[in-house]
Amino acid sequence: MASLYLHIPFCEKKCIYCDFYSIENSSPMEEFLSALHVEIDAYAEFGKQESFETIFFGGGTPSLLSPQQLESILSHLHHTYSIESDAEITVETNPGTVTREKLTAYRTLGVNRLSIGIQSFHEDELRFLSRIHDSAQALDCIRSAREAGFDNLSIDLIYALPDQTKERWEANLQKAVALSPNHISAYGLIVEDNTPLSRMVRSRLVSPKPPDEEAEFYEMTMSYLDAHGFEHYEVSNYAKPGFRSRHNYNYWKHENYLSFGPSAHSFRREAGESRRWFNIANLSHYCSALQEGRLPLLTEERLSLSQLRTERILLGLRSDGLDVKRLDSELPSSTTSRVQMIHDLVEAGSATFDGNVLRLTQKGYLICDEICARLM
Amino acid sequence: MNQIRNFCIIAHIDHGKSTIADRLLERTGTITAREMKFNQVLDDMDLEQERGITIKLHAIQMLYKAMDGQEYTLNLIDTPGHVDFSYEVSRSLAACEGALLVVDASQGVEAQTISNLYLAIDAGLEIIPVINKIDLPSAMIDTVKHQLKDLIGCNDDEIIPASAKANIGIDEILEAVVRRIPPPKGDVHEPLRALVFDSVFDIYRGSIVYLRVVDGTLREGEKVKFFHNGKVYEAEEVGTLGLKKVRTGVLTAGNVGYLIAGIRDVHDTKVGDTITTATNSAAEPLPGYKDVKPMVFSGVYPTQAEDFEDLRTAIEKLQLNDSALIFEPESSTALGFGFRCGFLGLLHMEIVQERLEREYNQNIINTVPNVEYRVTKTNGEVVLVDNPSYMPGIGEIEKVEEPFIKAQIIVPTEYLGNIMKLCMDRRGIYKNTTYLDPTRADIQYEMPLSEIIFDFYDKLKSTSRGYASFDYDILDFRESDLVKLDILLNGESVDAFSTIVHRDKAHEWGKRLCVKLRKLIPRQMFEVAIQAAIGNKVVARETISAMRKNVLAKCYGGDISRKRKLLEKQKEGKKRMKQVGRVEIPQEAFLAVLSMDEE
């Protein structure tokens with residue numbers, strides 16, 4: 001099972017915490033789109049080798065695309081690649097960029113899932129995060145999406161903002177759940193390098209939450225969503241039964257994905273070799289490369305067996321379990337026995353183990369990275 | 001022989017030994033100012049220069065045309081400047097007839113100077129007192145003169161005021177060396193007797209022996225014998241020591257020089273040994289030979305188990321140049337395979353550790369140093385214990401004895417109280433106080449050696465604003481109420497943390513160590529209990545709560561490589577830790593005891 005990803009590198013305004021590549025000026029949109037079409041053609045051979053079950057428009061702000069622009073991309077993809085008839089097609093949506101009409105048009109074009117960046121229902125938190133919408137627009141967006149015929153909606157939330165109280169975070173969770181989304185992604189705020197937020201932290205304008213306090217927010221999130229019928233299937237992702245993100249789940253299951261657009265990352269396992277390649281994170285270089293008939297690559301990695309193993313461990317433990325038997329048969333290693341380690345984890349209530357699959361519990365998710373490093 | 005003068009310089013660190021030596025070399029034309037470069041000639045190891053101390057002995061020969069019109073051969077023999085090497089100092093002194101006693105005009109006499117001075121007086125050396133740095137604004141020439149007169153009973157006019165930096169007093173020093181230091185005694189016609197005062201290992205030539213010929217003649221081509229082990233070698237090369245070796249083929253009584261004899265093992269060329277000819281040997285060796293015994297022991301382990309053989313090679317190589325270092329393999333449940341090393345003292349230990357890391361690129365973990373204990377068991381058997389893990393069980397011990405030292409501390413009187421408190425805390429037994437002048441006292445204590453190997457020197461300096469100076473001599477073994485204190489992590493004893501302490505201090509020590517370890521051991525996946533115990537009795541406990549959170553929130557397609565790299569880095573960090581049971585211990589923790597705070 002394989003996935004397609006398209007990176008739409010434009011935002012009306014950049015959020016202070018975001019380190020994904022995008023620019024605030026969307027006037028080169030047409031130039032970008034023609035480059036994107038060239039790139040889609042450039043990988044056409046892969047389209048003959050396997051079929052794709054998900055398409056994800058991420059960014060940046062892909063909901064800045066007009067229905068016409070989206071249609072031209074989608075039809076090009078359908079024309080060039082073998083897309084399954086029940087494919088999951090997601091557009092990341094900023095509530096400040098859409099109307100009911102636009103969402104209706106998206107739905108008509110075959111988009112069947114929206115991932116809506118709500119982040120918070122508190123106006124001051126939205127301003128702090130420098131979001132372009134308010135909470136009323138977020139509610140409007142959900143309503144419009146439903147009216148447009150979407151029945152698979154995901155909401156993004158961010159917690160552990162500086163000075164955020166647990167009560168305020170719980171209020172966000174309550175409001176989110178009250179909207180009956182099918183899926184919630186809840187992320188602890190990460191201070192990424194080279195973001196306005198990291199500069200604010202460096203100049204001591206804000207101080208990030210200490211890890212122990214963030215842990216309490218995370219625990220609260222896990223129990224709250226569990227109590228409301230959401231399956232916790234990845235460190236930061238929760239879904240109603242049957243509504244896991246098939247696209248992201250493919251990433252975590254080490255499936256192939258092919259990506260387009262500046263800064264996009266692709267992964268492909270071929271016989272005897274696995275590769276990751278990354279596009280350059282610069283729109284004009286991206287465009288000029290494709291115009292000149294070159295691929296806009298920044299780097300390419302060929303993964304060793306042990307690198308693949310490490311990825312398998314981290315992806316498995318971060319999501320819904322690591323199949324230890326399969327790991328050892330597919331990616332064998334001479335690493336010393338993990339039996340004691342697994343036993344200790346289970347005894348401490350950090351994991352469950354059925355003899356094949358090691359799956360983290362809430363307690364285990366909290367220290368997932370530590371467990372991964374110990375099991376590597 | 002009448003034209004030879006053998007002498008050394010006794011001085012405290014930084015009082016100007018090296019600069020005075022440099023001036024003497026310059027004035028006698030042994031070396032030009034241009035050759036002097038930036039560094040002083042006598043210190044040729046990086047470490048020595050950085051620490052401002054001379055670790056290994058060397059000698060240099062100068063030719064000096066004196067005012068009496070005659071040309072003299074002056075052999076300047078360097079001496080190590082630290083208490084750890086006092087036996088080497090005594091052998092260097094034994095190779096001389098005189099000594100320059102150099103005292104900094106702004107600092108006055110220090111403990112180390114006094115103990116070396118006593119060694120020199122005991123060896124019957126002619127002492128030439130020199131006050132250096134007289135041009136400093138803070139010079140207290142009269143006070144220092146007073147101290148010197150009290151100390152050696154000399155007259156005012158015997159003291160040479162000097163400034164090596166400003167080139168004052170250098171001619172006076174050279175003339176005094178020629179006039180006041182007696183020429184060597186000795187009989188050229190007697191069988192050969194030469195005193196070994198140092199040796200250095202050269203990978204091409206083997207051991208290079210530095211020696212002073214006392215009687216007879218040493219010739220190339222002759223068979224020579226070492227008294228202490230009776231081994232015989234052929235003298236391949238003999239010469240004197242200029243800036244470089246000067247091959248002369250012959251060294252006669254009274255002179256100082258070197259011998260190369262294809263000796264592959266430095267342990268055959270021990271400092272203090274006597275060399276004679278294999279035929280027509282001298283009947284008796286020169287007096288004073290002593291087998292130097294290490295006083296401080298510590299485990300040296302490779303950070304990564306697979307580097308054990310590399311570490312062995314490195315220690316073996318280092319030992320070729322350092323006959324005082326001893327080692328043997330040992331194993332620890334916490335640290336795996338390593339070596340128990342014996343050192344002359346703490347400084348010697350630090351030097352060895354640094355050389356292993358810097359010159360031999362070894363990543364090592366050192367365990368907390370300890371002294372050697374003499375344990376009499378209930379069955380009457382006496383065992384020497386140089387590793388706390390090997391201490392017999394409490395029930396098997398009749399008595400434990402530990403080495404005591406005589407400590408000499410010189411300190412301005414205003415800090416006397418602080419120093420006496422420190423010595424009392426360290427189980428010192430007060431002996432007496434002498435006043436060098438109204439502002440400076442010389443205090444003597446008898447103390448357990450084990451009490452000075454942990455941060456005593458640092459404490460001494462910090463409680464006296466750096467003014468106290470310290471020296472010690474080993475006295476004897478004395479019975480003490482000593483117990484082995486173990487550290488348990490989650491109930492499992494970590495042998496590398498075991499120490500032997502006085503019973504009265506065990507609780508306090510255990511508590512401090514637990515607190516320190518709680519700070520140094522990072523939080524883990526599981527709660528970690530740190531306990532200090534004597535036998536089965538727990539005397540202190542601390543808990544490290546389990547790690548609460550270590551997970552990065554997001555991991556999209558583009559984050560996977562980044563995430564993998566972060567984990568690989570985290571894994572590398574873990575490799576540098578030692579795992580005991582389920583607990584990962586960082587290397588710093590093994591040295592925790594060395595830097596224990598007093599409070």
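Residue numbering restarts at 1 for every chain, and letters A, B, ... go by the order of the sequence lines. Note: hydrogens, waters and symmetry copies are ignored here, and every other heavy atom, side chains too, is used. Given the structure is predicted, the values throughout are model-derived calculations rather than measurements.
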Study note, to complete from the structure: Expected contact set for residues 554-562 of chain B against chain A at heavy-atom separation under 4.5 Å reads B:K554, B:C555, B:Y556, B:G557, B:G558, B:I560, B:S561, B:R562
Review point. With a 6.0 Å cut-off on ring centres, are A:Y251 and A:Y257 close enough?
Key: yes
Check your understanding: In this structure, are over 12 heavy atoms from other groups packed under 6.0 Å from B:F337 atom CZ?
Key -> no
Point to revise | Neighbour count >12 (heavy atoms, 6.0 Å) for atom CE, A:M220 | key: yes
Practice item. For A:Y21, check ring pair (Phe, Tyr, Trp, His ring centres under 6.0 Å) against everything at least two apart and list the hits. Key: none
Exercise for review: Report the distance from atom NZ of A:K253 to atom CE of A:M1, rounding to the nearest 0.5 Å.
Suggested key: 15.0 Å
Check your understanding: Residues of residues 361-372 of chain A under 4.5 Å from chain B (heavy atom pairs)?
Key -> A:Y365, A:L366, A:I367, A:C368, A:D369, A:E370, A:I371, A:C372
Exercise for review: Taking atom CZ of B:R465 as the centre, report whether more than 12 heavy atoms of other residues, nucleotides or ligands fall under 6.0 Å from it.
Suggested key: no
Exercise for review: Check whether B:K574 gets within reach of chain A through its side chain, its backbone, both or neither, counting any heavy atom under 4.5 Å.
Suggested key: side chain
**Study point:** Closest-packed option against chain B by number of heavy-atom pairs under 4.5 Å, given A:V235, A:L314, A:N250
**Key:** A:L314
Review point. Quick one: what part of A:Q307 sits under 4.5 Å from any heavy atom of chain B, side chain, backbone, both or neither?
Key: both
Exercise for review: Describe, in one word, how the ring planes of A:H7 and A:Y5 are oriented to each other, choosing from parallel (under 30°), tilted (30 to 60°) and perpendicular (over 60°).
Suggested key: tilted
Check your understanding: Can you tell me how far the CD1 atom of A:I184 sits from the OG1 atom of A:T221, to the nearest 0.5 Å?
Key -> 10.0 Å
Review point. In terms of ring plane angle, is the pair A:F267 and A:H254 parallel, tilted or perpendicular, where the classes change at 30° and 60°?
Key: parallel
Check your understanding: Within 45° of the six-membered ring axis of A:F46 and under 6.0 Å from that ring's centre, is NZ or CZ of A:R268 located there?
Key -> yes
Exercise for review: Quick one: do B:Y360 and B:K317 satisfy side-chain contact (heavy atoms from CB on, under 4.5 Å)? Show the steps, please.
Suggested key: CA-CA 9 Å; B:Y360 297 92; B:K317 276 190 192 159; 3.7 Å; yes
Review point. Taking non-hydrogen atoms and a cut-off under 4.5 angstrom, which of residues 565-572 of chain B neighbour chain A?
Key: B:K565, B:L567, B:E568, B:Q570, B:K571
